[in-house]
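Reminder, nothing fancy here: chain letters follow the sequence lines and each chain counts from 1.
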Protein chains: 2
Amino acid sequence: MKTKPPKSDLKSLPLDSILRGDCIAAMNALPEGSIDMIFADPPYNLQLEGELHRPNNTKVDAVDDDWDKFADFATYDGFTEAWLKAARRILKDDGTIWVIGSYHNIFRVGAKLQDLGYWMLNDVVWRKTNPMPNFRGRRFTNAHETMIWCSKSKDSRHQFNYESMKALNDDLQMRSDWLLPICTGNERIKDEKGNKGHPTQKPEALLHRIIMASTKPGDVVLDPFFGSGTTGAVAKRLGRRWIGLERDETYIGLAKKRIAAVQPVTDPSLLHTPSKREEPRIPFGWLIERGLLPPGEVLHSLNGRWTAKVRADGTLISADHRGSIHQVGAAVQGAPACNGWQFWCIQREGQLVPIDYLRQQLRAEMH
Amino acid sequence: MKTKPPKSDLKSLPLDSILRGDCIAAMNALPEGSIDMIFADPPYNLQLEGELHRPNNTKVDAVDDDWDKFADFATYDGFTEAWLKAARRILKDDGTIWVIGSYHNIFRVGAKLQDLGYWMLNDVVWRKTNPMPNFRGRRFTNAHETMIWCSKSKDSRHQFNYESMKALNDDLQMRSDWLLPICTGNERIKDEKGNKGHPTQKPEALLHRIIMASTKPGDVVLDPFFGSGTTGAVAKRLGRRWIGLERDETYIGLAKKRIAAVQPVTDPSLLHTPSKREEPRIPFGWLIERGLLPPGEVLHSLNGRWTAKVRADGTLISADHRGSIHQVGAAVQGAPACNGWQFWCIQREGQLVPIDYLRQQLRAEMH
DNA sequence: TCCCAACTTGAATCCATAC
DNA sequence: CGTATGGATTCAAGTTGGG
């Protein structure tokens, strides 16, 4: 895509402010080709039926707001198409858009993005360090959300701050899976009654990474579903201009107050927020999945007095006991506890070698 | 969804074999409602690459009339719809399907799954320990692929081996993000010239987890895009039946040889993890009938705050409430529900012991 | 002031069976 | 079919409050 003169100048934009009303109408009222980056956190169209309780009988405070209710997929698709079209018109030719969602909506959003001519650059997974567990034990813990990052079209020359991302990631290329905690504690905006101000507030660290990756200082960032204003708060801190669109007057009030308190960072060297590198925990079961131990293999205790068989799910079974390597190790000895990694051994060239040896092997393979 | 008699018996299925030909035709020739789980690794929409290039080099702008590209997506969508429909017909009512893909195709596949009435259970992210780096430094390293797990419909009662997954993950719930290496080294199938036999061979560890999570021993697993046969190899090892569909004779040859060399785990106790849910039900009244508890015995709540008396018909009576162990437990606490087996206790040697202990005793006596 | 235990909470399509 | 009911099920952080 060729570099063009901007279709509008900054003065014609309602910079650093929140526009109240329907986001589609508001976007249609903005000048064409004027926005550098859009971050959108649209309704997810959750389809919840009854109530959900934790095992301790407390009720989960679910998202049941009217703004998340759609009659059916067709209605949701129509809404998605309408706002994505409006967004595409106001985006600069080299601008990009981020959309976040869960499995309830993200596949529909992604297909629509492609249908409308957006060009996918990445899908990025936000892995939550502290997701809500699955309380009924019927599925996998829903521990991530998906973001889609697109340019306006295939030929766009999008902004990507490769070096900044590399620096954020201990000098390794930033991957498409990001590990970040959900928004809790002091960061979570409260209303005057002390309740959570918005049910789906996103963490500032997430927006920090997104804005740092795909915009320059001074760029205009627009958020059509502004909510509690995380996008505006981080954009202001990072020296970007921002525009928020929001229907709900209460959310607007909370966001305004929040953003007013933000101090922009003037010294760019302060922007370096190194991410923690995670040390992967290695469950014993992974050795079986990975073929380092076959199901049915016999393990021997270090002293040779006991044996146990490896099961396909990573538990052990001995004459009288079944459970984890630690549990069975403790049980056969009648001990209160046992480190199964050191206690159980395999035969290697006539020697008994603790299974911890295999774990070290696996760790090395996983860096 | 109610348990129904199977619509076909195992004898009518081409078990543990590869059918050569088009997967849609092959699925249409199989009996309805006969498959427990489908794993599908469909082709990505790679023909898109060249065709998006406009001959006149005009920018992609007004999306609605960009019918060239729409035609490409439409072709892929038509193919996706056809094979997903055929797959849904042969799936048992309580069966599930897994589909893996990347951002090139997974959003279209996901939307189509929903449109066809499949019910999403999870989207699962396969995080690669060793992804291909991004050479141009214009995007994030593409370090994951996405899998969608669906039941046939909203009312299905899908198989999920919660305890096995928990065991595989050091006794913590298995999350929706899985860290596994890509398939390399000895596991990678080579052709007779020593080149890689299949371009997108999936790691056996991935299939191990999928099959362990969502099937029982003896279940029938079908893979409509069989390729190098990873699904068959792991299914055989884990005591499941399998059917592979594949067009390419070369891949079929490689897969047959590979699967023939697999040693199945024969001991069922290594494959099946019992769960509390599948234990036979013991009515509380049986404890009284069998003399384990005399009528009039006083039960104490686990925290010692409440008491209730056992009546001869197996109900309890407290100061204000009368009913089952669960009902009275819930009522005294003012809770929406209560597991009376864990809540109510008897005195044994000065300790409060949950009545669940007596249930276990009774279960043991009944083997 | 420090420490530890107890309590709270988060975008959730979260049950199975008998009658 | 619908309705009633037995009874299985949670992880990581942050906050609160007492000793």
Quick one: [X] [atom1] to [N] [atom2], roughly how many Å, whole number?
| X | N | atom1 | atom2 | answer |
| --- | --- | --- | --- | --- |
| D171(B) | dT9(D) | CG | P | 12 Å |
| H53(A) | dC15(C) | NE2 | P | 12 Å |
| R127(A) | dA12(D) | CZ | C1' | 14 Å |
| F160(B) | dT9(D) | CZ | C1' | 12 Å |
| D155(B) | dC15(C) | CG | P | 12 Å |
| N57(A) | dT10(D) | CG | P | 14 Å |
| L121(B) | dC15(C) | CG | P | 12 Å |
| W344(B) | dG6(D) | CH2 | P | 14 Å |

Between [X] and [Y], does at least one N-O distance fall below 4.0 Å, as a salt bridge requires?
| X | Y | value |
| --- | --- | --- |
| R359(B) | D356(B) | yes |
| D177(A) | R127(B) | yes |
| E204(A) | R209(A) | no |
| R363(B) | E279(B) | yes |

Worksheet item: Under 3.5 Å, is there a donor-acceptor pair linking the side chains of W98(B) and S214(B)?
Response: yes
OP1 or OP2 of [N] sitting under 4.0 Å from any side-chain N/O of [X]?
| X | N | answer |
| --- | --- | --- |
| K166(B) | dT9(D) | no |
| R277(B) | dT17(C) | no |
| R359(B) | dA8(D) | yes |
| N134(A) | dT10(D) | no |
| R157(B) | dT17(C) | yes |
| Y162(B) | dT10(D) | yes |
| H326(B) | dG7(D) | yes |

Euclidean distance for [atom1], [N] against [M] (whole angstrom):
| N | M | atom1 | value |
| --- | --- | --- | --- |
| dC14(C) | dG7(D) | C1' | 15 Å |
| dT9(D) | dG10(C) | P | 25 Å |
| dC7(C) | dA11(C) | P | 24 Å |

Response to the item:
Per-nt protein contacts along nucleotides 7-12 of chain C (heavy atom under 4.0 Å; B base, S backbone sugar-phosphate only, - none) come out as --BBBB
So what's [N] paired with, Watson-Crick or G-U wobble, going by both distances under 3.5 Å?
| N | value |
| --- | --- |
| dA12(C) | none |
| dG7(D) | none |
| dT15(D) | dA6(C) |
| dC19(C) | dG2(D) |

With a 4.0 Å cut-off on heavy atoms, is [X] in touch with a base, just the backbone sugar-phosphate, or nothing at all?
| X | value |
| --- | --- |
| S324(B) | sugar-phosphate |
| L172(B) | sugar-phosphate |
| I282(B) | sugar-phosphate |
| F284(B) | nothing |

Quiz item: cation-pi between [X] and [Y], 6.0 Å / 45°:
| X | Y | value |
| --- | --- | --- |
| R88(B) | Y118(B) | yes |
| R139(A) | F160(B) | no |
| K128(A) | W126(A) | yes |

Response to the item:
The residue among D36(B), D93(B), D94(B) that forms salt bridge (charged side-chain N to carboxylate O under 4.0 Å, His left out) with K152(B) is D93(B)
